[in-house]
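Ligands are counted one by one from 1 in listed order, and the atoms in each one are counted from 1 as well.
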Amino acid sequence: MKKLIAVMLALVLVLALGATALAADTLTVAFSQIGQESDWRTANTDDVKNAIEGAGWNLVYDDAQQKQENQVKALRNFITQGVDYIVFTAIVTTGWDEVLAEVKEAGIPLVLIDRFPQTGFADDSWYTTYFGGDFPEEGARAARWIVNYYNSLGRGSEEVNIVRLEGTTGADAQVGRSKGFDEEIAKTPNFKVVASQTGNFTGAEGQAVMESLLKSVEKIDVLWAENDNMALGAIEAIKAAGLQPGKDIIIVGCDAIKLAFEAIVKGEMNCTVECTPLMGSRVVEVITGLEAGETFDKVVHPVEYVYDSMGGIPYTADGAALTLKAEDHVSERLY
Ligand code: AHR
């Protein structure tokens, strides 16, 4: 009997050790997200979290609530917890050198998504790879669409006043889109940015800023909003002012979310430049590859399109890519 009990105890011990070894084998992936300012961000958060958990890994998630200091704290907590990988999107471009040096020192591979942090490191060994939108190109696409749209109406030589709703000041998406737009629009001097203010990528601020721009700017022909939620907020302000969005004021947004497609189909918005939030499968591909000893290109941008109501407007520098019709894609858009 004693012998039997000893054998059973040994068996339990072996099973328990096996389970511990299995648990230790499961990767722990930490994800530092910036907050939940837009529909794009919600889709991005869900996609990345689901992909990490779907891969069978432990997820440690932190929402920084739009504060850089919270992201710094989160990164330090991830180091203390000894996570295996850190997935990181930087709320603003600057101010990361100290904490990212600590991540590197801890030997935790850093996977960058969405917004790229600018650092002063001597080489690029501090991160594994970056996956996210080409923000200057997105801004340039918006500018090209506006000019080509006016040209398509035979109105390309008119004086066109553009107002801009900027994203969060200092965010990669704001800095890049503003730069790309300004450089491109400067090629057509009769198209001018006459006012530019931040709406922090939110619908509520887009609406409030547009309300005040409608009072302070005498003639607004075009609104370029650096994301769709701000464009949608601005549409409410334009309607409240007794104007017809999409007709009295041409409206161009960015992200290509479902609500923007619906606004284009209704004729209240004219164009949206795509920036995809779907980054989860790339995160899984990268971490799986790194585990197998692979390396990745340092910067990878997803393939993205531009959508409007009629299709056929050129939006790339070579004039080759033409807009797709939002109404053909609205039903398949899940975010
Ligand atoms: O960094 C991507 C941008 O951030 C998206 O355009 C915007 O909607 C989001 O909040």
Under 4.0 Å between heavy atoms, the region of Glu274 that gets near ligand 1 turns out to be neither
Do the side-chain N and O atoms of Asp308 and Trp145 include a donor-acceptor pair separated by under 3.5 angstrom?
yes
Decide whether an N or O pair under 3.5 Å exists between Arg41 and ligand 1.
yes
Atom 2 (C) of ligand 1 sits nearest the protein heavy atom Asp114 OD1, 3.3 Å
Please check if atom CD in Glu98 has more than 12 non-hydrogen atoms from other residues, nucleotides or ligands closer than 6.0 Å.
no
Atoms in ligand 1 with a heavy atom of Ser38 nearer than 4.0 Å
7 (C), 8 (O), 9 (C), 10 (O)
Which atoms of ligand 1 have any heavy atom of Ala173 under 4.0 Å away?
1 (O)
For Lys67, is the NZ atom crowded, meaning more than 12 foreign heavy atoms sit under 6.0 Å from it?
no
Compute the minimum heavy-atom distance from Gln66 to ligand 1 and say whether it is under 4.0 Å.
no
Identify, by atom number and element, the atoms of ligand 1 in contact range of Arg115, meaning under 4.0 Å from any of its heavy atoms.
1 (O), 3 (C), 4 (O), 9 (C), 10 (O)
If you scan protein heavy atoms around atom 10 (O) of ligand 1, the nearest is Glu37 OE2, 2.3 Å
Does a salt bridge link Lys219 with Glu159, judged by any charged N lying under 4.0 Å from a carboxylate O?
no
Under 3.5 Å, is there a donor-acceptor pair linking the side chains of Ser196 and Glu166?
yes
Looking at Arg141, Lys179, Arg144, Arg177, which hits salt bridge (Lys or Arg N to Asp or Glu O under 4.0 Å) with Glu184?
Arg144
Between Ser125 and Asp123: side-chain donor-acceptor atoms closer than 3.5 Å
yes
Of all protein heavy atoms, the one nearest atom 5 (C) of ligand 1 is Asp255 OD1, 3.4 Å
